[in-house]
Peer 1: 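Right, I'll just put the structure down here and ask away after.
Just so we're clear, the structure is a prediction, and the values are computed from it rather than from any experiment. For the single chain, residues carry numbers from 1 onward in sequence order. Each ligand, and each atom within it, is numbered from 1 in the order the structure gives.
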Amino acid sequence: DKGNYKHFMAKEIHEQPEVLGHTLSRYFDYTTNTANVAGAEKLNFNKLSRLLISACGTAYLAGLVSKYWFEKYARLPVEIDIASEFRYRETPVSGNDAALFISQSGETADTLASLRYCKENGAAIGAVVNVPESTIAREADMVYPTIAGPEIGVASTKAFTCQLAVLAALALQAGRERGVLSAEREQELVSELTEIPSLALKALAAESEIEKLSQPLSKADNALYLGRSTNYPLALEGALKLKELSYIHAEGYAAGELKHGPIALIDENMPVFVIAPYDSIYEKTVSNMQEVAARGGRIVLITDRKGAEESGGAAENTVIMPDMSDIVAPIIYALPVQLIAYHTAVFMGTDVDQPRNLAKSVTVE
Ligand code: F6R
């Protein structure tokens with residue numbers, strides 16, 4: 001049932017404040033402001049020298065965000081790979097390892113094969129899945145469910161942000177168990193994370209603005225997405241969503257990689273989405289934007305008030321997000337990124353919930 005929405009995707013985007021609230025309250029204890037992941041001990045965070053993560057598509061990009069978190073907050077090195085690569089590259093895995101698999105459907109063939117490979121080699125297996133009765137959920141040693149509810153639209157939206165919420169909890173719990181995250185810092189981070197449902201609502205308030213700027217975009221042949229740090233995976237996610245929904249060719253890049261090739265693509269016909277909250281590396285992104293603007297590129301900047309003030313006029317359009325801390329930014333900034341792809345596709349008249357050539361659950365290689 002789509003309720004009052006035209007598409008399941010729109011409904012699922014708008015459900016995020018609520019389902020993120022459900023997922024967060026499952027994994028955080030708000031009376032003590034601590035991460036509280038049942039079954040986290042199965043992964044032996046305090047004994048690991050690395051954590052393996054494997055997944056496909058958008059779920060892989062959630063894993064990529066979490067690499068920044070596990071490394072920063074838990075000092076735990078993460079090796080992450082696309083499941084279709086991981087399963088065949090014969091990477092050494094042993095009983096000293098833990099491996100995390102992320103999947104909305106819990107049925108993705110490559111992710112399942114990667115899980116089985118790690119299991120055969122003795123690793124502890126954790127799964128972040130949205131469908132609790134799925135094969136991946138059944139075969140894992142420990143399941144960390146996302147409480148996103150059924151996701152019908154083929155393009156993953158609410159499952160992605162709920163995956164991020166679960167992964168944030170695992171990263172903070174790992175930090176505590178490894179003795180590298182102080183109790184004060186954990187409490188501070190958890191109280192920041194509790195703001196997510198209300199911040200997500202505020203982010204959705206930018207929708208009409210985004211709808212307006214999606215109309216000209218629907219005439220573009222190509223688009224570029226740029227971001228740094230945890231917003232780099234979001235740039236990849238923005239490009240993936242735009243491709244699959246609107247069939248516009250799009251690429252995501254780490255902003256710092258621009259001058260190593262993709263800048264050659266920039267001209268006045270190239271829309272460039274820059275995902276950049278005002279944070280410690282914002283200034284670096286501003287200089288990337290200036291390089292794009294100098295070559296006529298048309299920038300849509302997704303940032304906050306301070307970021308808009310400090311952007312040096314490089315952006316043609318700015319989408320303003322509420323102020324928020326670093327750890328919540330990739331979860332909240334996912335919403336405008338989803339809305340850009342959604343509204344562009346609606347303008348183009350493509351089948352938003354069932355894009356051509358795609359299936360919701362990829363059970364074959
Ligand atoms: C993109 C998308 C896909 C899935 C991928 C993995 O919007 O939905 O990239 O994320 O096929 O699917 P799951 O999460 O079911 O393993």
Side-chain angles (χ1 to χ4, degrees), residues 7-13 16 19 23 53-66 80-87 99-116 125-140 143-167 225 233-248 250-252 330 334-345 350-365:
H7 302 99
F8 281 108
M9 185 179 179
K11 175 171 176 263
E12 289 161 5
I13 288 172
Q16 288 174 107
V19 297
T23 301
I53 301 182
S54 195
C56 297
T58 289
Y60 162 77
L61 297 175
L64 200 52
V65 171
S66 80
I80 173 162
D81 211 343
I82 294 165
S84 56
E85 285 302 313
F86 182 86
R87 65 180 291 190
L100 211 48
F101 301 89
I102 308 163
S103 177
Q104 188 287 127
S105 64
E107 302 295 346
T108 301
D110 286 318
T111 309
L112 179 59
S114 301
L115 180 157
R116 288 177 176 160
I125 309 292
V128 177
V129 292
N130 197 44
V131 179
E133 61 278 8
S134 61
T135 313
I136 288 176
R138 278 200 315 273
E139 296 198 14
V143 182
Y144 311 106
T146 44
I147 329 280
E151 192 179 67
I152 311 295
V154 162
S156 186
T157 53
K158 61 177 181 170
F160 173 68
T161 49
C162 287
Q163 285 159 358
L164 290 176
V166 176
L167 292 163
Y225 285 75
L234 276 192
L236 299 175
E237 169 65 359
L240 175 60
K241 282 282 170 296
L242 192 69
K243 272 186 277 224
E244 67 179 332
L245 292 170
S246 69
Y247 317 141
I248 294 172
E251 293 202 56
L335 278 57
V337 163
Q338 295 162 352
L339 287 169
I340 288 166
Y342 173 75
H343 284 291
T344 305
T350 57
D351 188 345
V352 174
D353 282 332
Q354 187 50 262
R356 69 184 184 202
N357 310 339
L358 292 176
K360 183 65 183 158
S361 181
V362 185
T363 54
V364 291
E365 283 186 59

Peer 1: What is the distance from atom NZ of K360 to atom OG of S156, rounded to the nearest 0.5 Å?
Peer 2: 5.0 Å
Peer 1: Using 4.0 Å as the upper bound for N to carboxylate O, is an ion pair formed by K158 and E151?
Peer 2: no
Peer 1: If you measure from CG on L234 to CG on L240, what distance do you get to the nearest 0.5 Å?
Peer 2: 12.0 Å
Peer 1: Rounded at 0.5 Å granularity, tell me how far CZ in F160 sits from NZ in K241.
Peer 2: 7.5 Å
Peer 1: Distance under 4.0 Å, heavy atoms only, partner ligand 1: which residues pass?
Peer 2: C56, G57, T58, A59, S103, Q104, S105, T108, V154, A155, S156, K241, E244
Peer 1: Please answer whether the main-chain N or O of R356 pairs with a side-chain N or O of Y247 as donor and acceptor at a distance below 3.5 Å.
Peer 2: yes
Peer 1: With side chain to side chain donor-acceptor pair (under 3.5 Å) as the criterion, how do T58 and E237 come out once you've worked through the C-alpha distance, each side chain's angles and the decisive distance to 0.1 Å?
Peer 2: CA-CA 6 Å; T58 289; E237 169 65 359; 2.8 Å; yes
